[in-house]
Amino acid sequence: MFKITHQEAQRLLQNAADQTLGVEDRSALDAHLATCKTCSSYASKLTTLETDLRRVLHTQIDNNLPNLDLQLIINSTGRFTWPSLFNPAHALGKATIVVTLLMGYFIIANLFGVQSPITENKTPPIIPTPNNSTLAFTTSPTPSSPSTLIGLTTQGCESIIYITQVDDTLEGIALQFRVPEKIIAEHNNLKTDALPPGKELSIPLCNHTPSHITGTLTSTMTITPLIETVLPAQRE
Amino acid sequence: MTEEQAGLIAACIQGDETAIAQLVQSHQLGVFRLALSVLNDPSEANEAAQDSFIAALRALKSYKEASSFNAWLYTITLNISRSRLRKRKTQERLKHTLTTIFHIRWQVAPGVEETVIHNEEDAALWKALGTLNEKHRTPLVLRYYHDFTIAEIAALMNIKEGTVHSRLSIGREKLRVILNNSRKVSGE
């Protein structure tokens, strides 16, 4: 049997506490403890500490009991249950409330004829200009034949056939329809900016810039910009 | 695993509410006390136990029958409880900082309803246990309250057996030193 030091004895005592002590180590430790009062006292204190730890932990923890919400656990497992459909704490319950509110809104809207505020907006279209004045357009219906017709281009875009009037310019038409001049020129094979009255122009709306003015342009009418009346200073 | 337990788990996977209730009721005490022994707060331990059951029931399909169901469930519980403890410590640090800067007073959450310990030695030991850091306290609690073996603690905490042994030794040694010092202070 081999002899061990106090330090080794204390290490083996720690192993013994964790029940990881081999047979040989156990014999060596027992032999050491039989002759060493210091290590024997250490062993005794360690055993007392273990016993006290068990007692204190049980005293402090055992008188607390769980109070789990079983229904919450069942509902949270993700499986569908009818009560979960009406439980605001559950995701399904929240979805039910949202759907019910939306359905209620649509039913009331249909019953009382509530319309979207956008459809009621009949204010005259205005376009802001750099000098903070406004640019107004007048409309003059053509009694004989419509000056604009809606068709489809080869690319499947909606297009408008516009018949040019006296004093019409490409820039003015581009401004009216919110389509770049270049696109109108290319689409109609225009080599120059000159636009004789009565010329048919096909205006593709694919390249149309969104604006609140468009809603008024789909009907049969001609639009003459009154640039001169609004911006006389620029002409000078 | 017994046939009965396997049947219960299969029924839980199918979403059988009676089976889920039975599973929760049969394990809730162990799960709650494990959470409580880590968190030292009954209210938070309840929440951690609930979260553990929810997580376990959602992951039940991935549970391998070869391993012990208890060990699997306790691993989930321990992870959730330790994660909560880390969050709480972060919040406490933040509160401490705010208290220092703005002199705000916080309402202290009630801890374990401490049984009056008549024995002064036991009171000192309970206090000393509270001063240990979590990595040394948890193995001691698992060993001396839950009676887990070193191998089981290693599996639960996902650390090596040698590390468990080392942490237990250090924990016991720290407790011994703290208790010795407190005896000296009290004049024994």
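Throughout, protein chains are lettered first and strands after them, A, B, ... in sequence-line order, and every chain is numbered starting at 1. If you're wondering where the values come from, they're calculated on a predicted model, not measured in any experiment.
Heavy atoms only, all atoms of each residue included: Leu46(A) and Arg172(B) are closest at CD1-CD, 3.9 Å. Counting all heavy atoms, side chain and backbone alike, Arg54(A) lies closest to Tyr144(B) at CG-O, 3.3 Å.
Pairs engaging residues 19-35 of chain B under the salt bridge (charged side-chain N to carboxylate O under 4.0 Å, His left out) rule: Asp62(A)-Arg33(B) [sequence neighbours left out].
At a 4.5 Å heavy-atom cutoff, the contact between Val141(B) and chain A is made by backbone and side-chain atoms alike. Looking at Gln25(B), the atoms closer than 4.5 Å to chain A (heavy atoms on both sides) all sit in the side chain, from C-beta outward. Interface residue Leu179(B): only side-chain heavy atoms are found under 4.5 Å from chain A. Interface residue Leu70(A): only side-chain heavy atoms are found under 4.5 Å from chain B.
Remark: Thr48(A) OG1 to Arg176(B) CZ distance equals 11.5 Å, nearest 0.5 Å. Atom-to-atom distance recorded for Glu121(B):CD and Arg55(A):CZ is 9.0 Å, nearest 0.5 angstrom. Separation of atoms OG (Ser169(B)) and CZ (Arg11(A)) is listed at 10.0 Å; rounding is to 0.5 Å. Residue Ile61(A) holds its CD1 atom at 7.5 Å from CG of Asn40(B), rounded to the nearest 0.5 Å. Taking OG1 of Thr18(B) as the reference point, atom CD1 of Ile74(A) lies at 8.0 Å (rounded to 0.5 Å). Distance check, rounded to the nearest 0.5 Å: NZ of Lys45(A) to CG of Asn180(B) gives 5.0 Å.
Using a 4.5 Å heavy-atom cutoff, the side chains of Leu140(B) and Leu57(A) are not in contact. Counting heavy atoms from C-beta outward, Asn64(A) and Phe32(B) have side chains that approach closer than 4.5 Å.
The salt bridge (Lys or Arg N to Asp or Glu O under 4.0 Å) search around Arg137(B) returns none, not counting sequence neighbours.
For the set Ala55(B), Ala21(B), Cys12(B), the entry with the most heavy-atom pairs within less than 4.5 Å of chain A is Ala21(B). Per-residue heavy-atom pair counts under 4.5 Å with chain A were compared for Val24(B), Leu125(B), Asn46(B), and the maximum is reached by Asn46(B).
Of all residues spanning residues 13-23 of chain A, those with a heavy atom less than 4.5 Å away from chain B's heavy atoms are Gln14(A), Asn15(A), Ala17(A), Asp18(A), Gln19(A), Thr20(A), arranged by number. Within residues 145-158 of chain B, the residues that have a heavy atom under 4.5 Å from a heavy atom of chain A are Tyr145(B), Asp147(B), Ile150(B), listed by number.
The local environment of NE2 in His6(A) is sparse, with at most 12 non-hydrogen atoms from other residues, nucleotides or ligands closer than 6.0 Å. Environment of CD in Glu171(A): sparse, with no more than 12 heavy atoms of neighbouring residues, nucleotides or ligands closer than 6.0 Å.
With hydrogens and angles ignored, the 3.5 Å screen pairs a side-chain donor or acceptor of Gln50(B) with a backbone N or O of Asp69(A).
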* Does the pair Leu53(A) and Leu129(B) meet the rule for a side chain to side chain contact (heavy atoms under 4.5 Å, CB included), with working shown? -> CA-CA 9 Å; Leu53(A) 256 177; Leu129(B) 196 64; 3.9 Å; yes

